Amino acid sequence: MARQSQLIFLGAPGSGKGTQANYLVKNFGYKHVSTGDLLRAEIGKGSSLGMRVKGIIDAGHLVDDMTVLDLLKANCDTSSGHFIFDGFPRTLNQAKLLDEQLLRGCATQAVYFKMDLEALVQRITNRRVAPKSGMIYNLLTRPPKRPGICDVSGEPLIHRKDDTEEVIRNRIDVFKATIDEMVEFYTQKGILKVINANAEENAIRENLLSALGLNGVNKDLPY
Ligand code: AMP
C-alpha cells in the first residue's frame with residue numbers, strides 16, 4: 001500500500017522534489033531526508049567533512065558515494081518511519097547501495113520528476129531557500145510575501161552558491177549522465193512512476209498524489 005512505502009525522488013535540481021517532499025511531510029507524515037541539505041549542514045558547521053566537500057559542491061560536481069552514504073545512514077533509520085529520499089541516489093551505484101544498505105526489502109516507490117532541462121535553468125536561478133524552515137521560493141512563480149524574508153520563519157532567504165547559471169549547467173550535465181541508468185534500474189524493479197514536472201506546483205502535486213495512491217486519502221488518519 002502506497003502510504004507504507006519508502007519514497008525515492010529522482011529528478012534534476014530544481015524539478016520540484018523538495019517542494020513536493022515538504023508537502024508530503026506536512027500532510028502525510030513522511031520524513032524528508034535530503035543529502036544536499038545534510039552536506040550543506042556539515043559545511044555550515046565547519047566540520048572536516050564539510051570542509052572536504054565544499055569545493056566539490058560549489059562547483060556542481062558529485063561528492064563520492066561512500067561519504068554521502070555514510071551521512072545518509074547516520075541521519076535516517078528506515079525502521080523508524082517512512083522517508084522521502086531526495087537527492088540520493090544520484091548514480092546507479094548509489095541506487096544499489098541504498099537498496100542493499102538502507103532499504104533492505106522495505107516496500108519502496110520511486111518517483112521521477114521529469115522536466116525539460118532548459119526550463120530548469122530559469123527555475124533554479126530564481127530559486128531562494130530558507131535553510132531553517134526548509135521553505136523553497138521562486139522569485140517569479142512563488143515569491144515570499146516580504147522580499148528576501150521567509151513567510152514561515154522570518155529568516156533571510158538564501159541564494160545558494162550552486163544555484164548560479166554556470167554551476168547549474170554543470171549540475172544538469174551530471175544529472176543527464178546518470179539519470180537513464182537509474183530510471184532503467186527502478187523500471188526493472190517495477191516501482192517507478194514518472195511525473196510531468198514541467199507543470200506548475202499544484203498540478204505536479206495532484207499528479208504525485210495520484211501516482212502514489214494518496215488522492216482522497218484522509219490526511220488526518222494516523223498510519
Ligand atoms: P542538492 O541540494 O540535492 O541539489 O545537492 C547539492 C549538491 O550536494 C550536489 O550538487 C552535489 O554536489 C552534492 N550532493 C547531494 N547529494 C549527493 C549525492 N547523492 N551524491 C553526491 N553528491 C551529492
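Scope of the values below: all heavy atoms of this structure, side chains included, with no hydrogens, waters or symmetry mates. Note that this is a predicted model, so its numbers are computed, not measured. Read the numbers this way: they start at 1 and go in the same order the structure lists the ligands and their atoms.
Judged purely by distance below 3.5 Å, without hydrogens or angles, the side chains of Lys31 and Ser80 pair a donor atom with an acceptor atom. Of the N and O atoms on the side chains of Ser47 and Glu42, at least one donor lies less than 3.5 Å from an acceptor on the other residue.
Nearest to atom 5 (O) of ligand 1 among the protein's heavy atoms is Arg90 NH2, 3.4 Å. Considering only non-hydrogen protein atoms, atom 10 (O) of ligand 1 sits nearest to Arg171 NE, 3.7 Å. The protein atom (non-hydrogen) at minimum distance from atom 12 (O) of ligand 1 is His61 O, 2.5 Å. Protein heavy atom at the shortest distance from atom 14 (N) of ligand 1 is Leu39 CD1, 3.4 Å. Looking at atom 22 (N) of ligand 1, its nearest protein heavy atom turns out to be Val63 N, 3.1 Å.
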**Study point:** Working for ring pair (Phe, Tyr, Trp, His ring centres under 6.0 Å), residues Phe85 and Phe9
**Key:** CA-CA 6 Å; Phe85 294 91; Phe9 278 8; 10.0 Å; no
Point to revise | Full working for side-chain contact (heavy atoms from CB on, under 4.5 Å) between Phe113 and Val194 | key: CA-CA 6 Å; Phe113 292 75; Val194 180; over 6 Å; no
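Distances below 4.0 Å separate heavy atoms of Asp162 from the following atoms of ligand 1: 6 (C). Listed by number with element, the atoms of ligand 1 under 4.0 angstrom from any heavy atom of Gln94 are 18 (C), 19 (N), 20 (N), 21 (C). Distances below 4.0 Å separate heavy atoms of Arg160 from the following atoms of ligand 1: 1 (P), 2 (O), 4 (O), 6 (C). Short contacts between ligand 1 and Gly87, defined as distances under 4.0 Å to a heavy atom of the residue, involve ligand atoms 16 (N), 17 (C), 18 (C), 19 (N).
The backbone N or O of Asn138 sits nowhere less than 3.5 Å from a side-chain atom of Thr141 that would complete a donor-acceptor pair.
Between Pro89 and ligand 1, no pair of N/O atoms sits closer than 3.5 Å. Ligand 1 has an N or O atom lying under 3.5 Å from an N or O atom of Thr35, backbone or side chain. An N or O contact shorter than 3.5 Å is missing between Ser34 and ligand 1 by distance. In terms of polar-atom proximity, Leu62 is not counted as a contact of ligand 1, lacking any N or O under 3.5 Å from an N or O of the ligand.
Checked for salt-bridge contact, Lys189 and Asp99 meet the test: a charged N lies under 4.0 Å from a carboxylate O. Between Glu118 and Arg169 there is a salt bridge, since at least one side-chain N of the basic residue sits less than 4.0 Å from a carboxylate O of the acidic one. In this structure, Asp58 does not pair ionically with Arg160, as no charged nitrogen and carboxylate oxygen lie closer than 4.0 Å.
Val53 and Val33 fall within the same hydrophobic cluster, where Ile, Leu, Val, Met, Phe, Trp and Tyr residues are linked whenever their side-chain heavy atoms come under 4.5 Å apart, directly or through other members.
For Arg40, the heavy-atom gap to ligand 1 drops under 4.0 angstrom.
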